[in-house]
Trainee: 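Please read through the structure below; I'll follow up with questions.
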Protein chains: 2
Amino acid sequence: MDHADVVVVGAGYAGLSAARALRAAGREIVVLEAAGRVGGRALTERIGDDWAVDLGAQWISGGHTRFAALAQEYGAETYAAPADGANLLVEGAVRRPFAGARPPLPPLVLVVLAQAMWRIERLAARIDLARPWATPGADRLDAMTAATWLRRNLPERRARHLAEVMIGEELCVDVGSVSMLALLTTIRAAGGVEAGVTAETVTRLFVDGADGPARAIAAELGDALRLNAPVAAIQQVAEGLSVRGEFGEVRAAQVIVALPPALAGRIAYDPPLPAARDHLTQRMPMGSVLKAFAVYERPFWRDDRLTGQALNLHDPVPVTFDATRPGGPGCLGALVPGRAAHRLAALSAGERRAMIIGSLVRAFGYAARDPIDFREKVWADDPYTRGGYGAFFPPGVLTSIGSALRQPIGAIHWAGSETATEWTGYIEGAIRSGERAAAEVLAEYRVTAVG
Amino acid sequence: MDHADVVVVGAGYAGLSAARALRAAGREIVVLEAAGRVGGRALTERIGDDWAVDLGAQWISGGHTRFAALAQEYGAETYAAPADGANLLVEGAVRRPFAGARPPLPPLVLVVLAQAMWRIERLAARIDLARPWATPGADRLDAMTAATWLRRNLPERRARHLAEVMIGEELCVDVGSVSMLALLTTIRAAGGVEAGVTAETVTRLFVDGADGPARAIAAELGDALRLNAPVAAIQQVAEGLSVRGEFGEVRAAQVIVALPPALAGRIAYDPPLPAARDHLTQRMPMGSVLKAFAVYERPFWRDDRLTGQALNLHDPVPVTFDATRPGGPGCLGALVPGRAAHRLAALSAGERRAMIIGSLVRAFGYAARDPIDFREKVWADDPYTRGGYGAFFPPGVLTSIGSALRQPIGAIHWAGSETATEWTGYIEGAIRSGERAAAEVLAEYRVTAVG
């Protein structure tokens, strides 16, 4: 049996950031990670001559100050996401290039869409990020799905469909599953509609992959980090908390669980969690997303002055983007969120590949037909993540048990991007949540030491 | 390490019914139950001279044919639920007695309510119980909450509030959290609006408690039943499945997991469950309910020709009923569903008791003030149930991953009242689900034996 001041469960960016802050404050820590790697929902693979592809989170944008600070500290280089040329709007067999974030749709469609976005922006601006359930009108907004709100406020079918695709890609769940209050909260937490829903803030990628800073923190942690150590139980014992699994047992005065709520709920707690916290773990499921990359000798779409970004309105692959590293082979990324991800997850890898390549061909022509490499990650199949990008709130959850999200239970504290009040669901949110949980632990420790 | 043909996980009515059917077919079984008792969401305590009170499921009604058969086989006596006299409608300080199921509300309110119920009945009649997602219009009904449907179809505020209270009591979750398609499915599975939402079918209680037949089956199972044996992991091994926990290990060719999906999801599966099944366990949470009984020397409310049934529209305790056993002390039951159950769960037991007794006093007068006994069960706090009456479908789940509900994963089969196509959420559904899972296992076994 091992001992530590604090055990951190999970070595994604949240857990690693917490561990780093605690160690900097002189605490003895043990980090237990279920998988054989760190990074959580950031996962970088290598292709060809060691070029990075990010099968998980990848972007860093202007508001991501903590992530930028980590990147700088660990010397992780970024580059501007390729944006030269035209984006594509694909509707069936029709492909239309367009510049910027405003797709080439009839003026009426654009006007009603802009009106709806303005209404969403105005509603989102009212959200109290620390306590969304206390926002005026919260009960009513939480008792409806985002689909219901869009049906009422965006009756024009084509505009609504575009909004549904954009929101679905942002949350990785269909608008018919998510609470309108939760959607507004997510949008507000990402800086508003322009920042959260449009492509405006998708600014930079990591040359060497988005998990670089995570691996650098892991290297610093050395023996304090245990991989392949899934936690099965957290038990209160006379001297603190016992954290157990097939790996053995670690005892500590405090624990930070840095997992999404659904996974945190799969740990057996003794004493059992109070009703509200337990129900939060039951009622805050993960979204679903499949991410794939097709690699080509060169970024051939640039010959046609295309950015590689396509919005595909009637296709299993609604969003593609250019993930080519500077000087590296051409790389097209594809995101399949929500229901389509579930449908594709049920197919064979070969069928999935055929469907995704088919979408790329529809957008970028026959040159996309024969990639030299192809990588994919079905996040709902990952045993220690079980979905992505993050968890979401179905209707009725935020206003009934939402306040259990960050509330410590005894000496057990909660981190993870879902617990962030800003940039929820992003690596930035994960880092901030870990630092917040570490600060909680240190504050509690101080009180205990004084008391 | 033990061996069996089939391991059954969970000794509620579903697991026990499966075990009983398998044993009758000559299979060697082991039943693993996490709690120190059988019955699951049926839980009987004793008061005074050994009079039963059912802190969980208690009613048996006309359509409950399998439950009736079990009751008869094990000699579990029932009696007609007391119905002589008037019910009460309580609104603030105003109490109004009424006969039958039609509350004393203005004619307009009753008319719009009847219209809405007729519409619900008509929509429910279309539901394909085996495949609700294949019902015409399913996508649209599943993309909205029941609250949204009621707002549109029952704009009269008082009628809507009454419908919300009745539905909330039926599902143990607020109408703002549940999918309209799921509500219709539940109603249809319980025989329609009249049977499912009104009190008409609440017909009989068990003299000796609703867990009597469960305890009788448990006695027959003898050593094959292991209590206090929470299952932590189910792993595929060369010769079948290994079922493990702190109790040890049992190996079997087949496993029936007879738990609600959220609890089934807390078992660690190796290989991991496919995405759709895993997400179903994340997205099908338990409702929340608190059940309490106040015991009095005699059923004093009968002096005023009251049934003990009250519908309390602006109160944490919306529903009360008479649970007096023939010849026993007076017993008033109280149900607190959904959000109110969560609010009360966060209070101390003393505060909860004061609130519940307060409600009984408002309905039945000062004679209710000093019960000689008081029992309560906060189901969301029960570590091996974590809610009640059953699980529910938030919007968007049925139409995306609903088909994973009963689909076996290799040799792992799923039972539990949630998997029943009729009487879902009732003991009757649990029994039918267990018998269905046993039949699946026997059919699979036969195929294996022949092949």
Side-chain angles (χ1 to χ4, degrees), chain A residues 139-140 142-148 151 173-179 230 232-233 246 262-263 265-276 278-279 281-286 288 290 338-339 341-343 345-346 378-384 386-387 391 394-397 399-401 404, chain B residues 139-140 142-148 151 173-179 230 232-233 246 262-263 265-276 278-279 281-286 288 338-339 341-346 378-384 386-387 391 394-397 399-401 404:
Chain A
D139 280 334
R140 188 150 176 190
D142 200 33
M144 71 173 77
T145 62
T148 294
R151 235 171 218 287
V173 66
D174 57 295
V175 291
S177 293
V178 69
S179 147
E246 300 207 344
L263 299 186
R266 292 175 176 184
I267 294 171
Y269 299 85
D270 181 15
L273 295 177
D278 185 87
H279 271 235
T281 72
Q282 290 188 41
R283 295 180 67 179
M284 207 182 161
M286 299 299 279
S288 189
L290 181 161
R339 281 171 187 242
H342 275 298
R343 277 198 299 275
V378 179
W379 281 95
D381 273 337
D382 184 287
Y384 302 121
R386 281 306 192 185
V397 182
T399 50
S400 57
I401 50 176
Chain B
D139 281 335
R140 186 150 177 190
D142 200 33
M144 69 173 77
T145 63
T148 293
R151 235 170 219 289
V173 65
D174 57 295
V175 292
S177 293
V178 69
S179 148
E246 298 207 345
L263 299 187
R266 292 174 177 186
I267 294 171
Y269 299 86
D270 181 14
L273 295 177
D278 185 87
H279 270 235
T281 73
Q282 291 188 40
R283 294 181 67 179
M284 206 182 161
M286 300 298 280
S288 190
R339 280 171 188 243
H342 274 298
R343 276 199 298 274
L344 266 65
V378 179
W379 281 94
D381 273 337
D382 184 287
Y384 301 120
R386 281 306 192 185
V397 183
T399 50
S400 58
I401 50 174

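In what follows, every chain begins at residue 1, and chains take the letters A, B, ... in the order their sequences are listed.
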Trainee: Measuring only between side-chain heavy atoms, which start at C-beta, is A:Arg140 closer than 4.5 Å to B:Arg151?
Mentor: yes

Trainee: Does any heavy atom of chain A fall under 4.5 Å from the side chain of B:Arg339, the backbone, both, or neither of them?
Mentor: side chain

Trainee: Give, as side chain, backbone, both or neither, the part of B:Ala345 having an atom under 4.5 angstrom from any heavy atom of chain A.
Mentor: side chain

Trainee: When you compare the side chains of B:Arg266 and A:Thr281, does any donor N or O come within less than 3.5 Å of an acceptor on the partner?
Mentor: yes

Trainee: Which heavy atom of B:Arg283 sits nearest to which heavy atom of A:Pro285, and what is that distance?
Mentor: CG-CB, 3.3 Å

Trainee: Non-hydrogen atoms of chain A under 4.5 Å away: do they reach the side chain of B:Leu273, the backbone, both or neither?
Mentor: both

Trainee: Chain A heavy atoms under 4.5 Å from B:Ala232: which part of the residue, side chain, backbone, both or neither?
Mentor: neither

Trainee: Answer with side chain, backbone, both or neither: which region of A:Arg343 has an atom nearer than 4.5 Å to a non-hydrogen atom of chain B?
Mentor: neither

Trainee: Looking at A:Met286 and B:His279, what are the two nearest heavy atoms and their distance?
Mentor: O-CE1, 3.3 Å

Trainee: So for A:Leu263, is it side chain, backbone, both, or neither that comes closer than 4.5 Å to the heavy atoms of chain B?
Mentor: neither

Trainee: Are any side-chain N or O atoms of A:Thr145 and backbone N or O atoms of B:Ala143, one a donor and one an acceptor, separated by less than 3.5 Å?
Mentor: yes

Trainee: With a 4.5 angstrom heavy-atom cut-off, could you sort out which part of B:Asp382 is near chain A: side chain, backbone, both or neither?
Mentor: neither

Trainee: Per the side-chain contact (heavy atoms from CB on, under 4.5 Å) rule, which among B:Ser179, B:Ser177, B:Pro394 passes with A:Pro394?
Mentor: B:Pro394

Trainee: Chain B heavy atoms under 4.5 Å from A:Val173: which part of the residue, side chain, backbone, both or neither?
Mentor: side chain

Trainee: Does A:Gln282 offer a backbone N or O that forms a donor-acceptor pair with the side chain of B:Gln282 under 3.5 Å?
Mentor: no

